[in-house]
**Q** 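This structure is in structure tokens; I'll ask about it shortly.
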Amino acid sequence: MGNLAMTFIGAGVAAIDFAGGGFYTVLFPSPALARAEPSTLPPKLIRLRPAMMKCPFRALMAAILVLALMWAAESRAQSAAPAPAAVPAPVLPAGVADVPSAAEQADVSQIEFGAVVRVEVDMLGANYRVPWNIGGTGSGVGTGFLVGKNQFLTNAHVISNARLIYIRKVDLPEPFPAKVLHVAHDCDLALLELIEPGDFKNFEKVTPLEIGGIPKLNTTVTAVGYPIGGDRISVTRGVVSRIDFRPYSHSAVDNHLTIQVDAAINPGNSGGPVLQDNKVVGVAFQGFSGAVAQNTAYMIPVPVVNRFLKDIQDGHYDNYVDLATSTINLLNPAQRLALGLPNDGTGVMVVNADASSSAAKLLLTGDVLLAIDGHAIASDGFVEIEGERINLNEIVERKFAGDKVKIDILRDGVKKSIEVELRRFLPYLIQANLYEQKPQFVLFAGLQFQPLDRNMMEVFNIASMDVRYFFANYGDHELYRERPQVVVLTAVLPDEINTYLEGYVSHVVDTVNGQKIQRLQDIYDALKDGVAEKGHEDFHVIRLLNEGRPLVLERNKAAEAHARILRKYNVSFDHYIEVPLIEQVMGKMPPIKDESPEAGKEAKPENKAAGPNGKPAGTAKPE
Amino acid sequence: MKNSFRLLASTLVLPLALVIGPLSAQEKPQPVGADGPSPSNSLVRVNATLQAYNFLRPWEKGNPTPRRGLGALLSGGRVLVTAELVVNSTYIELELPTTGEKTPARIVGLDYEANLALLAPVDEKSQMLAKMVPFELDLTVKAPDTISVWQVEDNGDGVSTDLDVLRATVGEYFVSGSILLVYQVKGSLQYRANSFTLPAVRNNKLVGLLLSYDSKELTSSLLPAPIIQHFLDDLNDGKYDGFPSIGLGFAQTLDDQFRKFTGLEQVKGGVFVRNVAKEGSAAKAGIKEGDVIVKIAGKEIDSRGNYAHPIYGKLNFSHLVRGDAKVGDTLKFDLIRKGKPLTVDVKLERREPGSYLIDPYMFDRGPRYLIFGGLIFQELTRPYLESWGKDWPTRAPFNLVYSNANPEKYEQQGREKLVFLSQVLRTPATLGYENLNSIVVDKVDGKPIKSLADLADALNGVTLNGLHKIELEDYPRLIWVHDGVSRKVNDQLLGYGIGSLTRLE
């Protein structure tokens with residue numbers, strides 16, 4: 001049950017870094033590529049975004065195997081080998097003698113296969129265990145398709161951690177070097193372009209694929225791509241099975257609208273178009289391993305694709321925004337009676353709006369959400385959009401940073417309408433798979449300090465209760481306010497100066513030389529000359545959370561030992577530090593204690609003011 | 001993980017051939033009818049039926065299971081066994097190995113932390129044990145003495161196996177976290193029927209009870225006579241106090257840099273106090289985190305935490321304050337605090353498991369619980385967490401595992417027990433709540449819940465609109481249940497096979 005074995009074919013590099021040779025030669029499907037959730041992370045730790053969904057999806061996530069559908073079947077050696085000088089012109093499936101119905105034949109024969117490209121990637125992972133070294137290398141194959149002038153859409157997981165990217169056209173032998181224009185790890189999409197503008201002349205006669213809409217259930221769709229099983233383009237067909245909110249396995253923390261199809265979609269299909277009436281209705285991206293379920297593949301639907309394409313129009317990707325508000329469905333008659341609601345199947349109750357989220361102080365525990373942007377909210381958390389019942393978060397999903405959402409609520413029996421300006425919510429990222437990262441660390445006298453995130457947690461497989469607590473509750477308990485980065489002593493490189501300290505790894509660092517450690521930079525600064533704990537000027541003093549025994553190093557020996565250790569262990573640089581992302585985006589946050597009494601103060605007068613003017617619950621219409 | 005396992009488990013899987021196989025080199029048959037103690041006239045078979053409580057389905061008890069072992073006869077017609085042999089027992093009987101005669105028995109003394117129990121026939125007039133020869137204790141065994149482990153064959157014949165004592169140390173017995181003196185012994189042993197609790201003897205005197213045997217390393221650990229003596233003395237004074245505990249964690253001070261930092265340059269040895277348990281003996285005496293203990297009761301503590309025991313040599317100081325000491329004893333501690341010497345008197349105490357916010361162990365009684373309309377509330381105990389299996393620290397709900405390790409927050413809130421919603425049965429009263437589990441309960445109808453009794457009182461109190469408002473520590477923070485509907489559901493649950501809706505005592 002705890003084995004949330006999400007297989008990231010494309011993202012597997014970091015996971016196999018340290019296996020030995022480092023080369024990525026395993027053929028899919030192989031257990032060696034399956035990245036199992038470390039046993040230290042019980043399924044409950046997975047905080048899925050948006051927070052509103054966290055209850056139902058916790059259970060789901062624990063039970064499934066999701067595969068990102070990039071084909072990493074080639075070994076490094078194979079992909080480095082020169083491509084054959086001449087590739088025979090592919091026999092396109094449209095030309096294959098077949099006896100499809102007239103309608104189906106028309107469907108396929110119109111497809112612009114020239115727009116569907118093979119994306120070949122050489123990857124370089126990060127090394128979290130020995131952070132001054134580079135990580136493992138590997139290669140993989142995915143699919144992409146032309147959506148505009150020199151713009152190829154594919155999955156983020158196809159090009160994550162890419163060192164080199166090549167695009168191959170269906171009817172040409174040579175690979176064209178490409179680069180990433182934009183990548184959205186939170187919805188698994190990326191836009192590529194050919195590095196040499198001149199290379200695009202090969203595509204000038206190709207019509208970019210047109211983006212369509214949301215297909216209806218039980219209608220036929222066609223997936224085109226370069227999946228496992230051969231080198232040339234492949235076409236498979238199926239029907240739309242389900243339209244639902246689902247976790248996206250690439251980041252492991254995001255949920256968006258997803259469409260399930262029963263077409264055969266396999267590793268290598270990733271990033272490829274799924275077509276209906278010759279228009280793109282989705283981007284193939286993940287599926288179940290055959291051991292879990294059959295004929296269930298998923299594609300990223302048009303609303304998500306369009307949102308990405310619109311977001312990047314200003315030249316950069318700004319990520320999804322989030323209400324970061326958890327709710328509970330209002331199905332229980334006692335709940336409804338207590339909240340003053342009739343049994344009409346409407347409304348969900350606010351459990352908590354994260355204190356640093358867009359909705360902080362605007363939505364309070366016990367508020368009932370009645371409608372969002374005019375869409376009535378059913379008591380199971382669904383709204384109706386374009387004739388489909390979809391999770392209410394879909395309304396927020398389609399918006400951008402700075403957009404507003406209008407929410408009709410019932411508070412203490414009084415209806416009111418509030419407006420929330422949406423912005424990105426970052427604390428959940430601590431549990432996300434991160435890509436294109438240079439591991440941050442500070443090494444001092446053999447003590448290796450690193451900030452807590454999912455990548456680091458998985459590499460070190462930390463069982464310490466405190467570290468697991470911070471990992472699980474960083475967002476929910478607002479621990480990021482006191483510690484934007486949770487700094488952990490992850491390793492000790494043995495030397496005479498630290499030989500008694502090895503037993504203290506996997507602890508959270510609380511203070512260094514009297515300075516509170518709120519981020520990695522603080523450790524680096526605290527170890528400088530002139531910073532000392534009062535009364536212990538001759539020592540570096542490192543105090544760990546919930547550990548009474550401080551770690552001490554004599555100053556006059558530490559500098560010498562540090563130089564010796566760098567030499568002995570071949571450490572090429574002794575620190576790499578970035579401003580924590582959460583502070584880059586959200587700024588420095590005041591400690592939690594300064595704010596919470598205020599929140600209470602503000603909430604109360606608001607209630608009073610609303611009280612006398614409010615209409616009785618259940619009779620008033622939404623404002 | 002040590003590759004050692006309890007004798008019972010091994011007994012079950014070994015082929016019968018071994019039991020009646022030829023005697024090994026170290027084994028020799030013991031004559032019956034000798035004057036002094038012998039396997040045949042000093043050992044008693046003990047047959048117990050055990051039935052543990054189910055902590056995950058708290059209204060149930062588990063499968064009844066048999067456990068057989070050997071007891072050592074002591075004076076006064078009492079039979080000494082490990083507590084583990086009779087834990088959660090529903091029925092115990094004594095059996096003579098020679099004749100097969102049986103009599104029902106009762107527990108007259110019991111300490112799970114010391115893993116010792118004393119049994120006696122229920123029938124006070126029973127003469128079954130009268131002709132047998134009781135053991136005396138030998139407290140003087142040390143390395144490299146040779147001792148013998150006694151067993152009996154199915155036909156009642158005695159067998160003795162010689163083992164060599166390697167050393168005395170401290171280790172865990174049966175209740176996790178309870179550290180007491182053990183002898184490590186070496187030598188091969190064959191399993192026989194009834195091999196749970198094997199008495200070990202020297203010169204026909206009892207030197208200990210075998211706790212575990214590692215068949216790969218051929219090493220065993222022995223619960224030694226000094227601990228047995230402590231247990232018996234304590235019982236004999238009419239009021240059983242148990243073994244005291246000091247309530248502190250320590251770190252070694254081998255690191256020269258750390259010794260300088262702590263001001264130990266002019267001092268020999270000493271251990272650094274890493275943490276002090278609230279309400280423990282050390283805390284009450286004023287020992288603080290950061291103190292260095294250099295002497296206890298005049299005995300020097302070295303930088304590894306050992307002192308020189310007159311018989312065993314280097315031994316961890318925990319024996320000095322637990323196995324070797326009695327509740328109520330006062331020991332002088334020489335400390336270094338911020339570089340300066342200091343002396344405190346520590347009065348040794350013991351805390352009952354039930355006095356902790358989260359009971360560290362619970363036997364012979366069921367966990368407290370309350371079912372209301374399908375919501376199942378329980379008090380958190382360590383056995384509840386352990387019910388999730390061997391890897392419970394990673395398998396059990398993390399928030400509860402974390403609470404168990406960090407109870408201070410809840411203690412400061414004045415809670416006596418940690419009440420939580422353990423699971424929800426799907427009923428008309430719990431519609432929409434089916435997936436909730438493992439959430440700490442803060443308040444019910446505005447009243448703080450400090451124990452399950454508080455919860456029962458609150459749910460029996462006056463309701464507003466006929467509803468109970470339940471405030472939870474975590475998602476979904478707030479739920480309501482209908483009083484009338486829940487009570488109807490309660491009746492249905494009883495009809496459905498849940499024997500009882502509460503256990504409050």
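Every chain is numbered from 1 and lettered A, B, ... according to where its sequence line falls, protein lines coming before strand lines.
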**Q** Side chain, backbone, both or neither: which part of A:Ile497 has a heavy atom under 4.5 Å from chain B?
**A**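 For A:Ile497, backbone and side chain are both near chain B.
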
**Q** Suppose the criterion is side chain to side chain donor-acceptor pair (under 3.5 Å): which pairs have a residue in residues 270-289 of chain B, not counting sequence neighbours?
**A**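 Non-adjacent pairs meeting side chain to side chain donor-acceptor pair (under 3.5 Å): A:Glu547-B:Arg274, B:Lys284-B:Glu349.
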
**Q** Measuring heavy-atom distances to chain B, does A:Tyr469 have an atom under 4.5 Å in its side chain, in its backbone, in both, or in neither?
**A**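 Interface part for A:Tyr469: both.
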
**Q** For B:Lys260, which atoms come within 4.5 Å of any heavy atom of chain A: side chain, backbone, both, or neither?
**A**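 Contact with chain A involves both backbone and side-chain atoms of B:Lys260.
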
**Q** To check you understand the geometry: which heavy-atom pair defines the closest contact between B:Ala429 and A:Asn332, and what is its length?
**A**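 B:Ala429 and A:Asn332 have their closest heavy atoms at O-ND2, 3.0 Å.
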
**Q** Which pair of heavy atoms, one from A:Leu553 and one from B:Gln257, lies closest together, and at what distance?
**A**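 Where A:Leu553 meets B:Gln257 most closely, the heavy atoms are CA-OE1, 3.2 Å.
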
**Q** Of the backbone (N, CA, C, O) and the side chain (C-beta and beyond), which part of B:Val401 lies under 4.5 Å from a heavy atom of chain A, both, or neither?
**A**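 Both parts, heavy atoms under 4.5 Å.
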
**Q** Under a 4.5 Å heavy-atom cut-off, does chain B meet the side chain of A:Leu551, its backbone, both or neither?
**A**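 Contact with chain B involves no heavy atom of A:Leu551 at all.
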
**Q** Of the backbone (N, CA, C, O) and the side chain (C-beta and beyond), which part of A:Val541 lies under 4.5 Å from a heavy atom of chain B, both, or neither?
**A**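 The side chain, not the backbone.
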
**Q** At a 4.5 Å cut-off on heavy atoms, which part of B:Phe250 comes close to chain A: side chain, backbone, both, or neither?
**A**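 When you check distances to chain A, no heavy atom of B:Phe250 falls under 4.5 Å.
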
**Q** With a 4.5 angstrom heavy-atom cut-off, could you sort out which part of A:Asp538 is near chain B: side chain, backbone, both or neither?
**A**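 Contact with chain B: none, neither part.
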
**Q** Tell me, out of A:Thr365, A:Asn329, A:Asn352, who's got the most heavy-atom pairs with chain B below 4.5 Å.
**A**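 When all of A:Thr365, A:Asn329, A:Asn352 are compared, A:Asn352 has the most.
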
**Q** When you measure from the centre of the six-membered ring of B:Phe258, is the NZ or CZ of A:Arg549 under 6.0 Å away and within 45° of the axis?
**A**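 Yes - A:Arg549 lies over the ring of B:Phe258, closer than 6.0 Å to its centre and within 45° of its axis.
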
**Q** Heavy-atom cut-off 4.5 Å, strictly under: side chain, backbone, both or neither for B:Leu467 against chain A?
**A**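 Just its side chain gets close to chain A.
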
**Q** Where on A:Pro550 is there a heavy atom nearer than 4.5 Å to chain B: the side chain, the backbone, both, or neither?
**A**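 Both parts, backbone and side chain.
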
